[in-house]
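Scroll down for the structure; my scribbles are underneath it.
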2 protein chains.
Amino acid sequence: MLDDRDRTILALLQEDTEKPVAEIAARVSLSPSACSRRIQRLEAEGYIARRVALLDRARMKLPTTIFLIVKTQRHSADWLDEFRRAVSSIPEIVEVHRLTGNFDYILKLVLPDVEHYDAVYKRLVSRIEFFDMSAYISMETLKAGSALPTHYA
Amino acid sequence: MLDDRDRTILALLQEDTEKPVAEIAARVSLSPSACSRRIQRLEAEGYIARRVALLDRARMKLPTTIFLIVKTQRHSADWLDEFRRAVSSIPEIVEVHRLTGNFDYILKLVLPDVEHYDAVYKRLVSRIEFFDMSAYISMETLKAGSALPTHYA
DNA sequence: TGTGAAACTATTCCGTT
DNA sequence: AACGGAATAGTTTCACA
């Protein structure tokens with residue numbers, strides 16, 4: 001489905017969409033128009049979901065990352081529904097996964113500092129009951145970003 | 001430093017950078033030129049780090065997310081150095097944090113399926129020694145994306 | 001696929017509030 | 001100091017070979 005050129009284009013676009021098409025075209029030995037067509041195709045076929053701006057965490061006063069592991073026993077449809085609503089309404093919760101095993105969830109929070117965790121915690125427990133909740137503060141980010149491997153597609 | 005207009009612009013740009021400036025300008029009751037100036041300022045002052053393409057996980061054949069919790073005792077400078085090199089060289093590892101407590105790390109992996117976890121695991125342990133390593137497979141993503149709260153800056 | 005022309009943005013300049 | 005309107009410059013995209 002995808003050739004090496006497509007994968008290179010995707011890899012470059014994942015890092016930076018502001019590069020002129022001519023530059024990307026040169027990188028994959030193609031004319032700007034041919035490259036533009038490919039990018040269009042990649043978009044039409046859904047490989048590129050969307051183009052977004054990545055904000056600076058420090059400048060946005062959000063340098064702190066906290067992971068939350070929550071356990072629950074009551075896993076009714078109502079509970080899940082309310083949980084889903086709660087996490088989507090709290091912008092500081094940026095990522096939520098349901099994990100293997102017995103209804104554990106992992107939440108990723110971005111905050112101005114660890115003190116702000118309390119506010120999010122209260123907002124969460126005021127709406128939903130949990131069996132257990134443990135916070136793990138990130139002391140250092142060794143790797144981050146939105147880039148995915150391109151060699152599988 | 002930032003007013004409501006700036007925050008709205010950042011929120012919109014975080015979701016989609018392809019909207020015409022005129023549209024964003026209308027949303028914040030500004031002329032295209034004034035809006036363009038604000039975006040430039042936001043970029044110059046470092047609020048916007050970069051603009052990137054977000055790829056579709058399913059289309060890229062990477063539907064599986066796995067979290068890894070690794071524990072170590074040997075936390076020498078050499079070990080950390082090699083660990084850092086290893087995770088940065090493995091593209092399936094998209095995020096790594098050092099957590100509070102006794103040198104635990106959390107790794108986020110994106111993979112074609114759970115079977116591929118073994119390959120990453122082997123690549124990792126062939127280079128570094130760990131005390132313990134537990135994998136947690138994401139059964140469902142309830143929330144994801146790169147958008148951050150804008151009301152703190 | 002590549003080349004060239006056209007159209008569309010976005011940006012810059014200028015006068016104004 | 002910041003805004004709105006008109007001119008400019010740049011990029012992308014279309015038509016055709």
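So that the names make sense, note that chain A is the first sequence line, chain B the second, and so on, each numbered from 1. Because only heavy atoms are used, hydrogens play no part in the values below, and waters and symmetry mates are left out as well, while side chains stay in.
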Chain B vs DNA chain D, heavy-atom contacts under 4.0 Å, first-to-last nucleotide span, 5' to 3', is dC3(D) to dG5(D)

Look at the side chain of Arg51(B) and the backbone N and O of Asp16(A), then say whether any donor-acceptor pair between them is shorter than 3.5 Å.
-> no

With a 4.0 Å cut-off on heavy atoms, is Arg41(B) in touch with a base, just the backbone sugar-phosphate, or nothing at all?
-> nothing

Atom pairs and distances, side-chain donor-acceptor, residues 139-150 of chain A, under 3.5 Å, sequence neighbours left out:
{"unit_1": "Glu140(A)", "atom_1": "OE1", "unit_2": "Arg98(B)", "atom_2": "NE", "d": "3.0"}
{"unit_1": "Glu140(A)", "atom_1": "OE1", "unit_2": "Arg98(B)", "atom_2": "NH2", "d": "3.3"}
{"unit_1": "Glu140(A)", "atom_1": "OE2", "unit_2": "Arg84(B)", "atom_2": "NH2", "d": "3.0"}
{"unit_1": "Thr141(A)", "atom_1": "OG1", "unit_2": "His97(B)", "atom_2": "ND1", "d": "3.3"}
{"unit_1": "Lys143(A)", "atom_1": "NZ", "unit_2": "Val87(B)", "atom_2": "O", "d": "2.7"}
{"unit_1": "Lys143(A)", "atom_1": "NZ", "unit_2": "Ile90(B)", "atom_2": "O", "d": "3.1"}
{"unit_1": "Lys143(A)", "atom_1": "NZ", "unit_2": "Ile93(B)", "atom_2": "O", "d": "2.8"}

Quick one: does Cys35(A)'s side chain get under 4.5 Å of Ile9(A)'s, heavy atoms only?
-> yes

Please state how far atom CD1 in Ile24(B) lies from atom C1' in dA10(C), giving the value in whole angstrom units.
-> 11 Å

Write down the distance between CG (Leu30(B)) and C1' (dT11(C)), rounded to a whole number of angstrom.
-> 15 Å

Counting heavy atoms from C-beta on, name the nucleotide in dT11(C), dT1(C), dC14(C) closest to the side chain of Pro32(B).
-> dT11(C)

Glu95(B) and Lys108(A): CA distance, side-chain angles, deciding distance, salt bridge (charged side-chain N to carboxylate O under 4.0 Å, His left out) verdict | CA-CA 12 Å; Glu95(B) 197 167 347; Lys108(A) 183 184 169 190; 2.6 Å; yes

What do you reckon, are the aromatic ring centroids of Tyr105(A) and Trp79(A) less than 6.0 Å apart?
-> yes

Would you mind reporting whether Arg85(B) and Arg127(B) have side-chain heavy atoms less than 4.5 Å apart?
-> yes

Between Ser31(A) and dT1(C), is there a side-chain N or O to OP1/OP2 distance below 4.0 Å?
-> no

Contact nearer the 5' end of DNA chain D, comparing Arg38(B) with Gln40(A) | Arg38(B)

